[in-house]
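Below, chain A is the first sequence line, B the second, and so on; all start at residue 1.
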Amino acid sequence: MSQETAPSPTADRASGHATGAMREAVVELVDVHKSFGQLEVLKGISMTSHVGDVTAIIGASGSGKSTLLRCINMLEIPSSGTVRVHGEEIGLRRNGHGESEIADRRQIQRIRTRLGMVFQSFNLWQHMTLRDNVIEVPIHVLGRKRDEAIRDADALLERVGLFEKRDTFPAYLSGGQQQRAAIARALAINPDVMLFDEPTSALDPELVGEVLTVIRDLASEGRTMILVTHEMSFAREVANRVIFLHQGLVEEEGEPNAIFNHPKSERLQRFIGSIR
Amino acid sequence: MGIDWSLLALSPPGWGGVLLRGLVTSLEIAGGGYALGLAIGVGGAFGKLYGGPVTRDLLECYTTAIRAIPELVLIVLIYYAGTDAVNRLAESLGHDAVNINGLVAGIFVIGIVQGAYSTEVLRGAIKAVPFGEIEAARAYGMPSGLLLRRITLPAMLPHAIPGLANLWLIATKDTALLAVVGFTELTMATRQAGGATKDYFLFFCAAGILYLMVTLVSNQIIRVVERRARRGMREV
């Protein structure tokens, strides 16, 4: 329970678990803006995710959910604002055209190895078997020993139910299997936070369940996760905090019960109504 | 009229040995030039895709010029201009004119020509790699050099192989153009043998068969490489 990291304005207010004590903030966004050309997608978002939090980001398509998630690991670089991971601010600067860019490549590469991203379209490396996908980053980026990495990879693949498929190439697997392998790949770096970008949106309906089961399992072991999702019943079940985005702003945030059963804002009421 | 097969004997007075030495030289130049061309191609493709405006313009000039000019002209031009430039440079540095190794010059010439075509083949192949795979590597903190080596190059290989295989076969035959600058590769050796014995037909048939053998063996190797590169891809 470190008290050293400066709490952001929203840090204590929105914490889902009413533990009373301050838990360490893992991811903090302060007044993050993001524009693509003339289009402002994020209009000043602040949020904090503490150790053990499962944060679900919900909202209509185009509300900026995925962009927000991608700003955390700088796959999208915020036009302005601050992102901190474990209290360390990711350095940004302006280039000659006034655009925001990464100030220190090595810093972001180091921070990214603490963030396990799972993509909507899996993005497994197609030229590698599942096991090779899982050991790639531990060996080549984190410098782990090959036999250790293989042992851990096999355990992770076992956990997501794909040990028998470890020597198979991704193209020969179903979407659900590929996404479970992608989760194993993310877990292999032993991340501080798992970032899920609509992990079930590209799946056939009958394959959604197997992926949600894996994510539910991770939530129950106390992993810190930030999850962009359209699966409302799932968000309600696993998340301890829900953030509702509307047109690039946090419209409402709170515990799942409050968000889903007692929505305050009219927009959230309409959104909840529309998906029922 | 019977064919005098003894003319193809490996040791003099047969010309077989000369032909085979020519073939080896041709393969050395083709292999060296192809490798140099690939190196230029990888750099050129990445420069064209991710470089600044100046880099891109320069590379565009290079690929356009090389691909516009007939290879025969290019080879004569680069061969003489290249050796001349090296000699001038040597002189200006106070050295005597150097005798340029024909093999090195040949590799250089073929490499420059191949580099322009490789740049385009590889550029297309890199663009065929799903961006998500590159993004995933970035998201896990891979530095760009590692990403290139571990992800982009192997992922683009299946898309590049048909084009690169063509380029290799072209490289083996482009070596014949070096005959015009007096370089003794297979075609030149064949001409010498024919000139000395007046049995042109025999020697050019023999050379043709040697070139054909090179292609057939190459095809087998390419097939193995392609099968390996495409392991992760489902056949449709």
Visitor: Given a strict heavy-atom distance threshold of 4.5 Å, which part of Arg70(A) is in contact with chain B: side chain, backbone, both, or neither?
Guide: side chain
Visitor: What pair of heavy atoms forms the shortest contact from Pro162(B) to Glu226(B), and how long is it?
Guide: CG-OE2, 4.2 Å
Visitor: With chain B as the partner, which of Glu136(A), Arg110(A), Met128(A), Arg106(A) has the greatest number of non-hydrogen pairs under 4.5 Å?
Guide: Glu136(A)
Visitor: Does some side-chain heavy atom of Glu88(A) sit less than 4.5 Å from a side-chain heavy atom of Gln107(A)?
Guide: yes
Visitor: Just give me the residue among Pro143(B), Ala229(B), Pro130(B) that pairs up with chain A most often, heavy atom to heavy atom, under 4.5 Å.
Guide: Pro143(B)
Visitor: Please tell me whether Asn123(A) and Ser121(A) have a donor and an acceptor in their side chains that are separated by less than 3.5 angstrom.
Guide: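 There is such a pair (donor and acceptor under 3.5 Å, judged by atom type) between the side chains of Asn123(A) and Ser121(A).
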Visitor: Heavy-atom cut-off 4.5 Å, strictly under: side chain, backbone, both or neither for Phe119(A) against chain B?
Guide: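 The side chain, not the backbone.
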Visitor: Are Gln179(A) and Val211(A) packed together at the side-chain level, in the sense that at least one heavy-atom pair is separated by less than 4.5 angstrom?
Guide: yes
Visitor: With a 4.5 angstrom heavy-atom cut-off, is it the side chain or the backbone of Leu142(A) that approaches chain B, or both, or neither?
Guide: neither
Visitor: Just so I understand: if I count every heavy-atom pair under 4.5 Å between each of Ile111(A), Leu75(A), Thr129(A) and chain B, which residue has the most?
Guide: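 Max contact count across the listed options: Leu75(A).
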Visitor: Do the side chains of Ile183(A) and Met194(A) get nearer than 4.5 Å, heavy atoms only?
Guide: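 SC-SC contact between Met194(A) and Ile183(A) confirmed.
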Visitor: Heavy-atom count around Arg94(A) CZ within 6.0 Å, excluding the residue itself: above 12?
Guide: yes
Visitor: Taking the side chain as every heavy atom from C-beta outward, state whether Leu115(A) and Val85(A) have any atom pair closer than 4.5 Å.
Guide: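 Contact flag for Leu115(A)/Val85(A) side chains = yes.
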Visitor: At a heavy-atom separation under 4.5 Å, does Met74(A) approach chain B through its side chain, its backbone, both, or neither?
Guide: neither
Visitor: Quick check on the interface: out of Gly232(B), Pro154(B), Ala155(B), who has the most heavy-atom pairs with chain A under 4.5 Å?
Guide: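 When all of Gly232(B), Pro154(B), Ala155(B) are compared, Gly232(B) has the most.
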Visitor: Checking Leu146(B) against chain A: side chain, backbone, both or neither under 4.5 Å from a heavy atom?
Guide: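 For Leu146(B), the contact with chain A is made by the side chain alone.
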Visitor: Quick one: pull up CD1 in Ile221(B) and CG in Leu216(B) and give me the separation to the nearest 0.5 Å.
Guide: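 If we round to the nearest 0.5 Å, Ile221(B):CD1 and Leu216(B):CG are 11.5 Å apart.
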Visitor: Highest number of heavy-atom pairs under 4.5 Å with chain B: which of Thr168(A), Val137(A), Leu195(A), Asn73(A)?
Guide: Val137(A)
Visitor: Determine the option with the most heavy-atom pairs under 4.5 angstrom with chain A, choosing from Met233(B), Met142(B), Arg231(B), Arg150(B).
Guide: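 When all of Met233(B), Met142(B), Arg231(B), Arg150(B) are compared, Arg150(B) has the most.
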